[in-house]
Amino acid sequence: MKIAICPGSFDPITVGHLDIINRASALFDKVIVLVVINVDKKCAFTPEERAEMIAKVTADIPNVEVDIYGGLLIDYFKEHNASVIVKGLRAMTDFEYEFQMALINRQLYDKADTLFLTTSVENMYLSSSAVKQIARFNGDISHFVPDVLLDTIIDRLHKKETEEVL
């Protein structure tokens, strides 16, 4: 069985993330979307909330599972007998960082291959950070996040901005 790990912070998940997950699910027997806990990032949603959102929008994709992990990605990769790490790329800046991480993972475990999927043209500019910024200023994020999560994301981010002002 070919198992792909699709790691990220997904804070929040965007239509760009969902596109990469869908495409990976067509290539592999099983895709584990892994919410990676990064202590250096200040997230708007808890890991559990992010995993719930991902599970909600991938519920109709039978070979996709969602998990949370706070250790080294390569340890999770080995523990789950994965075949590949799948990463989406938007621009050259993504490539530089992700290429470096792929080389590090390969050095840590020589069976760890990384597959880069380029984003669809309509999502090249899209990032979770941009979504959060737009939502905090009450902008329209409806084209950037899955419809079923729109209210949840707006409620959290608008509320968070209001609380920070007070």
Side-chain angles (χ1 to χ4, degrees), residues 1 3-25 28-88 90 94 97-98 101 104-105 108 112 114-115 117 119 123 126-166:
M1 175 183 276
I3 300 171
I5 308 289
C6 191
S9 53
F10 305 103
D11 186 49
I13 188 168
T14 68
V15 294
H17 292 128
L18 193 53
D19 175 54
I20 297 297
I21 294 165
N22 273 308
R23 289 166 51 207
S25 74
F28 298 97
D29 300 315
K30 179 176 169 182
V31 175
I32 302 172
V33 181
L34 187 64
V35 176
V36 179
I37 300 169
N38 182 341
V39 295
D40 295 328
K41 278 191 176 183
K42 184 178 178 187
C43 292
F45 297 90
T46 67
E48 294 77 18
E49 289 170 327
R50 288 179 270 154
E52 286 173 24
M53 287 190 284
I54 296 164
K56 189 173 192 174
V57 299
T58 60
D60 64 337
I61 312 170
N63 63 332
V64 170
E65 294 179 10
V66 182
D67 203 359
I68 301 168
Y69 192 68
L72 283 176
L73 173 60
I74 207 63
D75 291 336
Y76 188 93
F77 183 93
K78 289 190 280 190
E79 287 169 21
H80 289 80
N81 199 28
S83 306
V84 68
I85 298 165
V86 174
K87 295 297 290 184
R90 293 170 298 194
D94 285 348
Y97 174 78
E98 296 299 349
M101 295 309 299
I104 290 170
N105 286 328
L108 292 172
T114 300
L115 173 68
L117 294 177
T119 188
N123 297 321
L126 186 54
S127 70
S128 293
S129 298
V131 168
K132 288 187 283 194
Q133 181 78 2
I134 294 165
R136 285 188 175 130
F137 288 101
N138 229 9
D140 180 10
I141 60 168
S142 62
H143 298 290
F144 309 139
V145 299
D147 291 340
V148 298
L149 301 177
L150 184 60
D151 290 339
T152 301
I153 294 168
I154 289 172
D155 288 348
R156 169 62 57 82
L157 295 176
H158 186 66
K159 179 180 177 190
K160 186 175 179 122
E161 180 65 23
T162 303
E163 289 171 352
E164 288 174 1
V165 171
L166 299 175

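What you see is a predicted model; the values in this text were computed from it and never measured.
- Checked options Leu150, Ile13, Leu18; the residue passing with Val145 is Leu150 (criterion: side chain to side chain contact (heavy atoms under 4.5 Å, CB included)).
- Looking at heavy atoms from C-beta onward, Ser128 lies in side-chain contact with His17 at the 4.5 angstrom threshold.
- At a threshold of 4.5 Å between non-hydrogen side-chain atoms, the residues Asn63 and Phe28 do not count as touching.
- Within the model, atoms CG of Leu149 and CG of Asp155 stand 12.0 Å from one another, a figure rounded to the nearest 0.5 Å.
- Nearest heavy atom pair, residue Gly16 against residue Asn123, reads CA-ND2, 3.7 Å.
- For the pair Arg156/Glu49, a side-chain contact is recorded, criterion being any heavy-atom separation below 4.5 Å from C-beta on.
- Side chain of Ser83 to backbone of Ile3: a donor-acceptor contact under 3.5 angstrom is found.
- Within the 3.5 Å criterion, the main-chain N or O of Phe10 finds no donor-acceptor partner in the side chain of Arg50.
- Heavy-atom neighbours of Lys41 NZ from other residues, nucleotides or ligands within 6.0 Å: at or below the threshold of 12.
- For Val86 against Ala4, the heavy-atom pair with the smallest separation is CG2-CB, 3.8 Å.
- With rounding to the nearest 0.5 angstrom, the OG atom of Ser142 is 7.5 Å from the CD1 atom of Ile154.
- Heavy atoms only, all atoms of each residue included: Pro12 and Ile153 are closest at CB-CD1, 3.7 Å.
- The main-chain N or O of Val15 is never found under 3.5 Å from a side-chain atom of Asp19 such that the two would form a donor-acceptor pair.
- Residues Val64 and Ile21 have side chains in contact (heavy-atom distance under 4.5 Å, counting atoms from C-beta outward).
- Although no hydrogens or angles enter the test, the distance criterion places no donor-acceptor pair under 3.5 Å between the side chain of Asp67 and the main chain of Ile32.
- The distance from the CD atom of Glu98 to the OG1 atom of Thr114 is 8.0 Å, given to the nearest 0.5 Å.
- For the atom pair OH (Tyr76) and CD1 (Ile85), the distance works out to 12.0 Å, reported to the nearest 0.5 Å.
- Note that CG of Asp60 is 9.0 Å distant from OG of Ser25, once rounded to the nearest 0.5 Å.
- With contacts defined as side-chain heavy-atom distances shorter than 4.5 Å, the pair His80/Tyr69 does not qualify.
- Between Pro47 and Ile37 the shortest heavy-atom distance is CG-CG1, 3.9 Å.
- Within the 3.5 Å criterion, the main-chain N or O of Leu126 finds a donor-acceptor partner in the side chain of Arg90.
- Judged purely by atom type and a 3.5 angstrom limit, Thr58 has no side-chain atom pairing as donor or acceptor with the backbone of Ile61.
- Leu157 and Ala44 get closest at one heavy-atom pair: CD2-CB, 3.5 Å.
- Nearest heavy-atom pair across Asp11 and Phe45 is OD1-N, 3.0 Å.
- Atom CG of Leu73 sits about 11.0 Å away from atom NZ of Lys78, to the nearest 0.5 Å.
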